[in-house]
Asks: 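One structure, pasted below without further comment.
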Amino acid sequence: LMLTFLAAPAMAADHPSIAFMQKVGKDMLAAHRAGTVGRFSSVIQNYADVPGIANYSLGQYKPNLKASQRSDYYRGVVTFMSRYFADQSRQFEVAKYTIGEAKVDGDKNVIVASRVFLMNGQTYSVEWHLGWVGGRYKVKDVKVLGFSLTYLQRGLFTSFISKRKGDVSQLVAALIR
């Protein structure tokens, strides 16, 4: 789930990425509690690097996406991710989350650690990968228990397209249904 972070080397607690993640965490928890695709969609559109995630998710098929399909594809990716999170919210009841430290990687991306506390007493780590996009932070990836959600999505999308002989338009059609 999107609400936890792994421990990371210390960075100033007042780093702008921490304030950004406090907003993301608050809005994600509200969406989680509502459990609706619409609420998650709003959060994803506001905080995620949708074009970056969507383009990465096409893998080797990215050149097959026509410019005229981009808008529908990006909208479909938001819906796909929103449905996933809404579905997960029904399986994992979150009590609270904490935002940990932030660190900057070699590519100047910021990684913010968090921890999610479930109602059943279990906890798990979530690592948020942020990039500076369009003059502000955007979520570029989320690692839950060490698993990259964008990498998992890329595997699903490229497998789907591969089974359809590289026809990206079939993925776009499936995502916007």
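Index from 1, following the sequence. Predicted model only: the values in this text are computed from it and were never measured. Just the heavy atoms: all of them, side chains too, but no hydrogens, waters or symmetry mates, feed the values below.
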Asks: Test Met21 against Leu130 for side chain to side chain contact (heavy atoms under 4.5 Å, CB included), laying out the working first.
Replies: CA-CA 9 Å; Met21 283 311 307; Leu130 312 178; 3.8 Å; yes
Asks: Mark yes or no: Arg164 above the aromatic ring of Phe160, with NZ or CZ under 6.0 Å from the six-membered ring centre and no more than 45 degrees from the axis.
Replies: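 Positive - Arg164 is close enough to the ring of Phe160 and near enough to its axis.
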Asks: Out of curiosity, does Phe147 fall in the hydrophobic cluster containing Val94 (side-chain heavy atoms, cut-off under 4.5 Å, transitive links)?
Replies: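 Val94 and Phe147: one cluster.
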Asks: Val78 and Val133: same hydrophobic cluster, using ILVMFWY side-chain contacts below 4.5 Å?
Replies: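 Different clusters: Val78 never reaches Val133 through Ile, Leu, Val, Met, Phe, Trp or Tyr contacts under 4.5 Å.
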Asks: Strictly distance-based, threshold 3.5 Å: is any side-chain N or O of Ser42 a donor or acceptor partner for the main-chain N or O of Gly38?
Replies: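 Checking the backbone N and O of Gly38 against the side chain of Ser42, no donor-acceptor pair under 3.5 Å is found.
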Asks: Output, in order, the C-alpha distance, side-chain angles, deciding distance and verdict of side chain to side chain contact (heavy atoms under 4.5 Å, CB included) for Ile18 and Val112.
Replies: CA-CA 7 Å; Ile18 300 298; Val112 180; 4.1 Å; yes
Asks: Got a second to check how far Gln91's CD is from Asp87's CG, nearest 0.5 Å?
Replies: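 It is 5.0 Å, given to the nearest 0.5 Å.
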Asks: Working to the nearest 0.5 angstrom, can you tell me the gap between Ser148 OG and Glu127 CD?
Replies: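 Spacing of OG (Ser148) from CD (Glu127) equals 10.0 Å.
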Asks: Any chance you could measure Gln69, atom CD, to Leu175, atom CG, to the nearest 0.5 Å?
Replies: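 Between Gln69 CD and Leu175 CG, I get 11.0 Å after rounding to 0.5 Å.
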Asks: Sub-3.5 Å donor-acceptor pair from the side chain of Asp107 to the main-chain atoms of Asn109, do we have one?
Replies: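 The answer is no, because no donor-acceptor pair under 3.5 Å joins these two groups.
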Asks: Would you compute the distance between atom OH of Tyr61 and atom CG of Leu171 and round it to the nearest 0.5 angstrom?
Replies: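 It comes to 11.0 Å.
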Asks: Indicate, with yes or no, if Val50 and Tyr84 share a hydrophobic cluster defined by side-chain heavy-atom contacts under 4.5 Å among Ile, Leu, Val, Met, Phe, Trp and Tyr.
Replies: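 Result: yes, single cluster for both.
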Asks: In Å, rounded to the nearest 0.5 Å, how long is the span from CG of Leu58 to OH of Tyr73?
Replies: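 Going from the CG atom of Leu58 to the OH atom of Tyr73 covers 3.5 Å.
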Asks: Got a sec: does the CD of Glu93 have more than 12 other heavy atoms crowding it under 6.0 Å?
Replies: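 Counting other residues, nucleotides and ligands, CD of Glu93 stays at 12 neighbours or fewer.
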Asks: With a 3.5 Å cut-off and no angle check, do the side chains of Arg115 and Ser125 form a donor-acceptor pair?
Replies: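 Yes, Ser125 and Arg115 have a side-chain donor paired with an acceptor closer than 3.5 Å.
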Asks: Please walk me through it: do Val139 and Ile53 pass side chain to side chain contact (heavy atoms under 4.5 Å, CB included)?
Replies: CA-CA 9 Å; Val139 176; Ile53 293 167; 5.5 Å; no
Asks: Return yes if some donor-acceptor pair links the side-chain N/O of Tyr74 with the main-chain N/O of Asn55 below 3.5 Å, else return no.
Replies: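 Not a single qualifying donor-acceptor pair exists.
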Asks: By side-chain contact (heavy atoms from CB on, under 4.5 Å), which residues pair with Val37, not counting sequence neighbours?
Replies: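 Here the qualifying residues are Ser82, Arg83, Ala86.
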Asks: Quick check: is Phe117 connected to Met119 through a chain of hydrophobic side chains (ILVMFWY, heavy atoms under 4.5 Å apart)?
Replies: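 No: no chain of side-chain contacts under 4.5 Å links Met119 to Phe117.
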Asks: Report the C-alpha distance between Ile111 and Lys143 in whole Å, list the side-chain angles of each, state the deciding distance to 0.1 Å, and finish with yes or no for side chain to side chain contact (heavy atoms under 4.5 Å, CB included).
Replies: CA-CA 10 Å; Ile111 300 167; Lys143 288 188 177 179; over 6 Å; no
Asks: Calculate, to the nearest 0.5 Å, the distance between atoms OH and CG belonging to Tyr124 and Leu118 respectively.
Replies: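 Result: 5.5 Å between the selected atoms.
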Asks: Kindly assign one of parallel, tilted or perpendicular to the pair Phe20 and Tyr137, based on the angle between their ring planes and the thresholds 30° and 60°.
Replies: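 If you compare the ring of Phe20 with that of Tyr137, the planes turn out tilted.
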Asks: Consider only side-chain heavy atoms of I, L, V, M, F, W and Y, link residues closer than 4.5 Å, and tell whether Val144 and Tyr151 are in one cluster.
Replies: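 Unlinked, Val144 and Tyr151 end up in two clusters.
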